[in-house]
Amino acid sequence: MPLLKIEKLTHRFAGLCAVSDFNLAVDPHELIGIIGPNGAGKTTVFNLITGVYRASEGGIRLDGQELVGLTPHQITTRGIARTFQNIRLFRELSVLDNVRTAHYGRINYSPVEALLHIGRFCAEERRITNQALDLLAVFKLDNLAGEKAKNLPYGLQRRLEIARALATEPKLLLLDEPAAGMNPNEIIQLMEFISWIRKTFSVTIILIEHQMRLVMGICERLVVLDFGATIATGLPAEIQNNPKVLEAYLGEEVAV
């Protein structure tokens with residue numbers, strides 16, 4: 001059984017079809033890329049998977065369980081986490097508290113215990129803090145635990161955002177343009193970093209990316225969208241020479 005199975009996914013905004021009849025099956029531990037020109041519908045697919053939008057038609061199943069109709073919080077607890085094209089950290093909170101926030105979907109104390117600091121509250125808070133520090137250590141951010149997130153360099157902010165996503169213990173990690181704003185050297189490091197994440201956390205990854213060097217270098221399969229429709233799927237080498245893909249990116253018909 002695929003970890004994620006999307007069938008005939010369609011979404012419309014006031015009559016405009018942003019995603020049309022999108023199908024995708026993702027096996028456990030795969031690393032798949034979704035590419036396409038600006039406005040092709042890539043981020044809309046992520047928003048549908050994570051419950052930000054509710055699909056107009058079609059189904060999305062994780063481990064055989066339907067996700068359409070669930071809230072983003074419910075989908076996160078079932079094992080999907082994501083990052084965003086524009087980094088969305090709690091900028092005024094510390095590095096540690098940014099990761100701690102990801103644990104609160106699984107807290108084991110009541111609102112009364114939290115308000116009065118009684119019962120399970122103190123032990124549970126220590127557990128959350130220790131787990132967050134352990135994760136920061138894995139990402140080599142533990143020495144910055146007390147620093148405000150806004151004070152981190154761009155590359156470390158991106159690393160922190162991914163660490164926070166992984167703190168939810170996902171089965172599937174969605175990365176939305178993780179190379180945005182990075183120079184060529186940083187992209188090479190990011191390629192190694194994403195491969196390390198998949199191996200270390202045994203997580204399945206789908207990424208959206210415009211940097212062809214990155215997607216061609218680490219993705220096992222690619223899906224290409226244009227105007228909300230899938231125009232090609234296959235291995236990176238196949239996609240690289242596909243006339244429909246070249247036409248979508250170059251804006252003109254390419255002779256075969």
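Position 1 is the first residue of the sequence; numbering continues from there. What you are looking at is a predicted structure, and each value in this text was computed from that prediction instead of being measured. All heavy atoms count here, side chains included; hydrogens, waters and symmetry mates do not.
The aromatic ring centres of F46 and F84 sit 6.0 Å or more apart.
A donor-acceptor pair is defined here as one N or O able to donate and one able to accept, closer than 3.5 Å; no such pair exists between the side chain of T10 and the backbone of S20. Under the 3.5 Å distance criterion, the side-chain polar atoms of E186 are matched with a main-chain donor or acceptor of N183. A donor-acceptor pair is defined here as one N or O able to donate and one able to accept, closer than 3.5 Å; no such pair exists between the side chain of E125 and the backbone of C122. A donor-acceptor contact shorter than 3.5 Å links the side chain of N23 to the backbone of K8. A donor-acceptor pair is defined here as one N or O able to donate and one able to accept, closer than 3.5 Å; no such pair exists between the side chain of R158 and the backbone of I87.
The ring pair (Phe, Tyr, Trp, His ring centres under 6.0 Å) analysis of residues 135-176, with sequence neighbours excluded, yields the pairs F139-F193, F139-W196, F139-F201. The ring pair (Phe, Tyr, Trp, His ring centres under 6.0 Å) pairs that include a residue from residues 55-79 number zero, where partners must be two or more places apart or lie in different chains.
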Check against side-chain contact (heavy atoms from CB on, under 4.5 Å), L4 and T204: CA-CA 9 Å; L4 179 74; T204 305; over 6 Å; no
Starting from the C-alpha separation in whole Å, work towards a yes-or-no answer on side-chain contact (heavy atoms from CB on, under 4.5 Å) for I188 and R213. CA-CA 9 Å; I188 293 173; R213 183 176 186 180; 3.2 Å; yes
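In this structure, K150 NZ and S94 OG are separated by 13.0 Å, a value rounded to the nearest 0.5 Å. The line from CD of E57 to CD of E7 is 13.5 Å long, rounded to the nearest 0.5 Å. Between the NZ atom of K42 and the CD1 atom of I34 there is a distance of 9.5 Å, given to the nearest 0.5 Å. Put simply, CZ on R82 and CD on E161 are 9.0 Å apart, with the number rounded to the nearest 0.5 Å. For the atom pair CD of E92 and CG of N151, the computed distance is 8.5 Å after rounding to the nearest 0.5 Å.
In this model, a donor atom of one side chain and an acceptor atom of the other lie less than 3.5 Å apart for T129 and R100. Checking T43 against D176 by side-chain atom types alone, a donor-acceptor pair falls below 3.5 Å. Looking only at atom types and distance, the side chain of R127 has a donor-acceptor partner in the side chain of Q131 under 3.5 Å away. Using modelled atom types and a 3.5 Å distance limit, the side chains of N47 and H11 yield no donor-acceptor pair.
Shown here are the side chain to side chain donor-acceptor pair (under 3.5 Å) partners of T77, two or more places apart in sequence or in another chain: there are none.
With respect to N98, the side chain to side chain donor-acceptor pair (under 3.5 Å) criterion is satisfied by exactly one of R91, R164, K148, Q157: R164.
Between K244 and E247, no side-chain nitrogen of the basic residue sits less than 4.0 Å from a carboxylate oxygen of the acidic one, so the salt-bridge criterion is not met. Using a 4.0 Å cut-off between charged nitrogen and carboxylate oxygen, E66 and R78 do not count as a salt-bridge pair.
Under the 4.5 Å side-chain heavy-atom criterion for grouping Ile, Leu, Val, Met, Phe, Trp and Tyr, I206 is connected to L62 within one hydrophobic cluster.
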